[in-house]
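Working notes, beginning with the structure itself.
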Amino acid sequence: MNKTRWSCLAVAVSLLFAFTAIAQERGGQQGGPNQTFTQRYGQQLNLTDDQKKQIDEMDAKFQKHNAEFLESYQKTMAEYREARQANDAAKLEALRPKVDSARAEMTKLRGAHEEKIAATFTDDQKAQWNKIKEEREARMKERAQHQ
């Protein structure tokens, strides 16, 4: 009996490590939520070191200036995801106005921030950035249709 418990524990620990490794790998490939703009798009846009420094400074300022809203946004979205996973229709309905408002504000803030960042781009980088944004919007629309 004791051997069986140890074997189950060993399997569980192994699976935990495997899932953690997969999640880290996928997060790196898909541009995890904690990546900076320069980490996520720097190579695609062929940003110079000077541009990366400027953009990283803008990102830090954005994070600091909007810290309270960003924390609230993350909490709201986590609540919404939990309610969706639990199939809690009443909670989803109650959260809907808050989520919609938070998403609209986030879109506005991110758009203004990305415009400031794009002002540092060359013409070629701006063209590439527009292509990236179009692809990102298409993925978001596709995801929205599956929900």
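Note that this is a predicted model, so its numbers are computed, not measured. Index from 1, following the sequence.
Hydrophobic cluster membership is shared by Met58 and Ile132, with clusters built from Ile, Leu, Val, Met, Phe, Trp and Tyr side chains linked at under 4.5 angstrom. Cluster membership for Tyr73 and Phe62, using ILVMFWY side-chain heavy atoms within less than 4.5 angstrom, is shared.
A distance of 7.0 Å separates OG1 in Thr120 from CD in Gln125, rounded to the nearest 0.5 Å. Within the model, atoms NE2 of His113 and CD1 of Ile117 stand 3.5 Å from one another, a figure rounded to the nearest 0.5 Å. Distance check, rounded to the nearest 0.5 Å: CD of Gln63 to CG of Asn66 gives 8.0 Å. Interatomic distance, CG of Asn46 versus OG1 of Thr122, reported as 8.5 Å (0.5 Å rounding). Once rounded to the nearest 0.5 Å, the distance linking OG1 of Thr38 with CG of Leu47 reads 7.5 Å.
Sorted pairs that involve residues 85-110 and meet ring pair (Phe, Tyr, Trp, His ring centres under 6.0 Å), not counting sequence neighbours, are lacking altogether. Residue pairs that meet the salt bridge (Lys or Arg N to Asp or Glu O under 4.0 Å) test with at least one member in residues 56-83, sequence neighbours left out, are Glu71-Lys75. Pairs engaging residues 109-123 under the salt bridge (Lys or Arg N to Asp or Glu O under 4.0 Å) rule: Glu114-Arg136 [sequence neighbours left out].
Using a distance-only test at 3.5 Å, with no hydrogens or angles considered, no donor-acceptor pair links the side chain of Gln44 to the main chain of Tyr41. A donor-acceptor contact shorter than 3.5 Å is absent between the side chain of Gln128 and the backbone of Leu45.
Remark: Glu135 pairs with Lys131, Arg139 by the side chain to side chain contact (heavy atoms under 4.5 Å, CB included) rule, at least two apart or across chains. Residues that satisfy the side chain to side chain contact (heavy atoms under 4.5 Å, CB included) test with Ala118, not counting sequence neighbours, are Phe121, Trp129.
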Mind listing the side-chain donor-acceptor pairs of residues 89-101 below 3.5 Å, one per line with the distance, residues two or more places apart or on another chain?
| from | atom 1 | to | atom 2 | distance (Å) |
| --- | --- | --- | --- | --- |
| Arg96 | NH2 | Tyr80 | OH | 2.5 |

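For the pair Met106 and Leu70, the minimum side-chain heavy-atom distance is below 4.5 Å.
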